[in-house]
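Below: the structure, in structure tokens.
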Number of protein chains: 2
Amino acid sequence: MTRLSDAERDLAAGAVFAALADPTRRAVVRALVDRPTVTASALAADLPISRQAVAKHLAALADAGLVAASREGRETRYRLTPAPLGDAMAWMAGAGARWDDRLSRLQERLGER
Amino acid sequence: MTRLSDAERDLAAGAVFAALADPTRRAVVRALVDRPTVTASALAADLPISRQAVAKHLAALADAGLVAASREGRETRYRLTPAPLGDAMAWMAGAGARWDDRLSRLQERLGER
DNA sequence: AGAACGAGCAACCAATTAGTTGCGCATCGC
DNA sequence: GCGATGCGCAACTAATTGGTTGCTCGTTCT
């Protein structure tokens with residue numbers, strides 16, 4: 001239960017937005033949603049870019065706190081750590097606060113899953 | 001009620017993420033939350049950057065669909081149009097779907113406002 | 001009518017970024 | 001022990017981006 005100031009929350013949200021701004025990074029996250037864990041090389045096999053490029057993207061995601069790495073033997077496995085998504089969603093909820101009708105639609109949409 | 005394909009939704013969400021990745025742009029959005037409408041010049045007075053820079057940021061936000069411009073006489077007023085936030089939040093909800101406990105916390109948080 | 005204000009180009013600059021290749025190091029399988 | 005596999009680091013490149021200044025055009029005010 002980390003206590004975040006407004007500025008800190010903005011920063012955290014900004015990091016998440018920056019991380020998810022890149023389409024390749026979003027693809028990585030999507031891949032990481034159904035595969036519970038993944039390595040950079042395995043991921044690179046599915047994507048049209050090099051392993052190092054994937055590694056950089058994973059590092060960027062890790063910077064935003066969306067992904068955590070754990071080394072196992074000679075390979076490092078990445079898993080999703082979606083906690084920071086909460087900060088990003090909270091930020092957007094704040095931005096949308098004046099539009100209450102729309103906000104309730106969002107809640108509906110969330111309820112769908 | 002626009003029907004969006006997965007790819008379209010990803011694209012829309014990506015545009016939102018890219019737009020909100022910039023701290024200045026987030027500041028613009030925040031300013032636009034309590035002021036119901038704003039001009040580029042007025043905004044530039046509060047920010048440490050030039051009017052043209054602000055105009056570019058507003059254009060970027062408009063590209064993402066987060067802001068709409070309407071010209072009135074010699075000034076153009078911008079207002080928030082938070083609809084695309086829904087796509088972004090839906091994307092994130094999808095990414096966090098496996099973490100049901102966390103998802104419910106998000107819903108709680110949304111309920112707060 | 002004329003000054004002043006607000007906006008919209010366009011060109012340019014510096015920094016960031018997404019990608020590459022090349023290399024060295026550790027770990028696993030035989 | 002040795003080759004193959006997987007990672008990490010570094011250097012470099014091309015494209016994008018956030019910012020600037022300078023100019024022009026339309027609108028408002030007196």
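Letters A, B, ... mirror the listed sequences (proteins, then strands); counts begin at 1. Values below: every heavy atom of this structure, side chains too, minus hydrogens, waters and symmetry copies.
OP1 or OP2 of D:dG19 lies within a sub-4.0 Å distance of a side-chain N or O belonging to B:T24. The side chain of A:S50 contributes an N or O atom lying less than 4.0 Å from OP1 or OP2 of C:dT20. At C:dG29, none of the side-chain N or O atoms of A:R74 fall inside 4.0 Å of OP1 or OP2 (strictly under the cut-off).
Note: CZ (A:R71) to P (C:dC28) measures 10 Å, nearest angstrom. Residue A:L58 contributes atom CG, which lies 12 Å from atom P of C:dG19 at whole-angstrom precision. If you measure from atom CD of A:Q52 to atom P of C:dT20, you get 8 Å, rounded to the nearest angstrom. Atoms NE2 (B:H57) and C1' (D:dT16) sit 14 Å apart, rounded to a whole Å. Spacing between atom CG of B:L43 and atom P of D:dG19 amounts to 12 Å, rounded to whole angstrom units. With rounding to whole Å, A:L61 atom CG is found 13 Å from C:dA18 atom C1'. Counting to the nearest Å, the P atom of D:dC29 and the CD atom of B:E75 are 10 Å from each other. As rounded to whole Å, 15 Å separates atom P of C:dA14 from atom NZ of B:K56.
Distances were taken from every side-chain heavy atom of A:A53 (C-beta onward) to each of C:dG19, C:dG6, D:dG19; the shortest belongs to C:dG19. Listed nucleotides: C:dA18, D:dG8, D:dG18. Nearest to the side chain of A:T76: D:dG8.
Of all non-hydrogen atoms in A:R71 and A:R74, the two that sit nearest each other are NH2-O, 3.6 Å. Residues B:A13 and B:W91 share a closest heavy-atom pair of CB-CB, 3.8 Å.
Residue contacts for A:R77: at a heavy-atom cut-off of 4.0 Å it reaches no nucleic acid atom on any strand shown.
Proximity of A:T39 to A:T76: side-chain heavy atoms (C-beta onward) are nowhere separated by under 4.5 Å. A heavy-atom distance below 4.5 Å is not found between the side chains of B:L32 and B:R79.
Taking a cutoff of 4.0 Å between a charged side-chain nitrogen and a carboxylate oxygen, B:D46 and B:R35 qualify as a salt bridge.
Remark: the B:E72 side chain and the C:dG6 base include no donor-acceptor N/O pair separated by less than 3.5 Å. Donor-acceptor pairing under 3.5 Å, judged by distance alone, is present between the side chain of B:R51 and the base of C:dG8.
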